[in-house]
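Structure first, commentary second.
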Amino acid sequence: MKDSPIKYRLIKTEKHTGARLGEIITPHGTFPTPMFMPVGTLATVKTQSPEELKEMGAGIILSNTYHLWLRPGDELVKKAGGLHKFMNWDQPILTDSGGFQVFSLADTRKIEEEGVHFKSHLNGAPLFLSPEKAIQIQNNLGSDIMMSFDECPQFYQPYDYVKASVERTSRWAERGLNAHAKKDSQGLFGIVQGAGFEDLRRQSAQDLVSMDFPGYSIGGLAVGESHEEMNAVLDFTTPMLPTNKPRYLMGVGAPDSLIDGVIRGIDMFDCVLPTRIARNGTCMTSRGRLVVKNAQYAEDFRPLDENCDCYACKNYTRAYIRHLIKCDETFGMRLTSTHNLHFLINLMKNVRQAIMDDNLLEFREDFCEAYGYNKE
Ligand code: PRF
Ligand code: ZN
């Protein structure tokens with residue numbers, strides 16, 4: 001493959017775990033890894049301005065092919081000068097391919113070799129997405145990192161189903177690569193599938209690695225399996241991937257899963273979790289989850305997290321934020337979103353420092369102890 005616009009630079013591996021400290025170089029700048037990517041499905045990270053995202057250290061955001069295709073349309077985004085210009089975000093953007101959204105949002109769908117027939121989650125209109133179409137849309141959006149069109153089967157599908165699905169996902173990946181018209185300015189990642197089956201994960205990884213993508217995602221996790229099962233899949237899957245390319249674990253954002261993913265060699269994560277739970281008043285704090293809507297915080301004039309220096313924690317109290325959330329005030333949702341995003345981005349900053357200091361396992365112990373994961 002000719003020189004990709006996406007490059008990975010490994011800076012250091014942690015002594016006891018092999019966790020990777022590095023950086024990813026894209027046409028819109030370089031960001032440090034491991035990194036958590038905030039999700040901006042509709043060309044906005046809900047409630048946050050680009051300036052606020054930069055302020056909290058978000059080095060890259062994620063957006064969605066499927067949603068932008070439906071509204072406002074990828075042709076319109078292209079006319080606007082591309083997604084970066086359209087949304088006034090001049091740093092890296094990664095777009096998911098639509099594969100996962102089709103499977104999670106559409107209630108009826110029919111998978112064929114050519115692509116997937118399904119119905120719009122907005123108005124029920126019949127739609128069709130193919131590997132080529134997903135790439136064409138992403139070429140129009142102009143994201144720095146694009147994703148192959150894949151099928152994300154449920155974790156507990158029978159072996160034969162997952163095998164057929166993995167083989168199709170490999171053929172789709174190859175078709176996507178052939179359809180990619182902007183190889184100089186956008187990098188396309190392959191997505192490893194295979195549910196919990198080690199040999200199918202291996203087959204998927206080998207197929208994709210032979211196509212020489214500039215990066216690899218691990219898909220098909222955080223879809224109902226246990227935390228231990230996810231760790232087990234990562235234990236055998238990341239070693240199947242080249243060490244000189246980024247590895248991205250899709251749709252994972254629980255704090256302990258982020259740390260466990262990094263320990264198993266993952267560089268990038270995304271999840272709607274921090275922004276989604278924020279909007280109904282749930283915050284992640286160094287002492288675990290805090291449901292600020294609860295009555296116990298009515299007269300609590302401390303910040304959401306006494307160990308946090310985000311804009312919300314520096315300036316507002318639990319009592320005030322609770323009041324805003326109870327009244328459905330958008331400013332309340334902004335403050336909780338700011339805090340939760342800051343929390344995960346800062347967690348990854350601390351994880352990078354722990355890799356630097358070769359004490360990631362102790363960091364995990366201390367973090368999980370304080371968060372309350374080790375209670376039982
Ligand atoms: N494939 C794609 N996007 C995804 C996933 C996947 O498997 C997941 C799985 N958790 C989240 N987002 N294309
Ligand atoms: Zn905070």
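One-based numbering, in listed order, for ligands and for the atoms of each. Numbers here are sequence positions counted from 1.
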Does the side chain of Ser185 come within less than 4.5 Å of Asp144's, by heavy atoms?
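Side chain of Asp144 against side chain of Ser185, heavy atoms only: no contact under 4.5 Å found.
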
Check for me whether the distance between the ring centres of [X] and [Y] falls short of 6.0 Å.
X      : Y      : result
Phe331 : Tyr316 : yes
Phe118 : Tyr66  : yes
Tyr159 : Phe197 : yes

Note the single closest protein heavy atom to atom 1 (N) of ligand 1, along with its residue, its atom name and the distance in Å.
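Going by distance alone, atom 1 (N) of ligand 1 is nearest to Asp150 OD2, 2.7 Å.
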
Closest protein heavy atom (residue, atom, distance) for atom 3 (N) of ligand 1
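Ranking protein heavy atoms by distance from atom 3 (N) of ligand 1, first comes Asp96 OD2, 2.6 Å.
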
Which segment of Gln193 sits under 4.0 Å of ligand 1 when only heavy atoms are counted:
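The part of Gln193 near ligand 1 is the side chain, not the backbone.
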
Apex the Zn ion (ligand 2) - arms SG from Cys313 and SG from Cys310 - angle rounded to 10°:
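Value returned, to the nearest 10°, is 110°.
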
Relative to the heavy atoms of [X], which atoms of ligand 1 are at a distance of less than 4.0 Å?
X      : result
Ser97  : 13 (N)
Cys152 : 6 (C), 7 (O)
Gly219 : 6 (C), 7 (O)
Ile191 : 13 (N)

Under-4.0 Å salt bridge between Lys79 and Asp74
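Looking at Lys79 and Asp74, the cut-off is not met.
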
Taking backbone and side chain together, does Cys308 place any N/O/S atom at a distance below 2.8 Å from the Zn ion (ligand 2)?
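It does: Cys308 brings an N, O or S atom closer than 2.8 Å to the Zn ion (ligand 2).
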
Does Cys283 put an N, O or S atom under 2.8 Å from the Zn ion (ligand 2)?
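Here the distance criterion (N, O or S atom, under 2.8 Å) is not met by Cys283, so no.
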
In terms of the angle between their ring planes, are Tyr320 and His323 parallel, tilted or perpendicular, with boundaries placed at 30° and 60°?
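Taking His323 first and then Tyr320, their aromatic rings sit tilted (interplane angle of 30° to 60°).
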
Examine Leu221 against ligand 1 and note whether any of their N/O atoms are separated by less than 3.5 Å.
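Yes: some nitrogen or oxygen of Leu221 is under 3.5 Å from one in ligand 1.
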
Contact check: Gly220 vs ligand 1, nitrogen or oxygen atoms, below 3.5 angstrom:
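Indeed, backbone or side chain, Gly220 has an N or O that close.
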
Do the side chains of Phe149 and Leu177 join up, straight or via other hydrophobic residues, at under 4.5 Å, putting them in one cluster?
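Yes, Phe149 and Leu177 fall within the same hydrophobic cluster.
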
Under 4.5 Å between side-chain heavy atoms, counting indirect links through other Ile/Leu/Val/Met/Phe/Trp/Tyr residues: same cluster for Ile263 and Met35 or not?
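No; Met35 is not reachable from Ile263 via cluster members.
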
For the NZ atom on Lys7, are there more than 12 heavy atoms of other groups (residues, nucleotides or ligands in this structure) within a distance under 6.0 Å?
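Yes, because the 6.0 Å sphere around NZ of Lys7 holds more than 12 heavy atoms from other groups.
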
Which atom of His339 approaches the Zn ion (ligand 2) most closely (N/O/S)
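Of the nitrogen, oxygen and sulfur atoms in His339, the Zn ion (ligand 2) lies nearest to ND1.
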
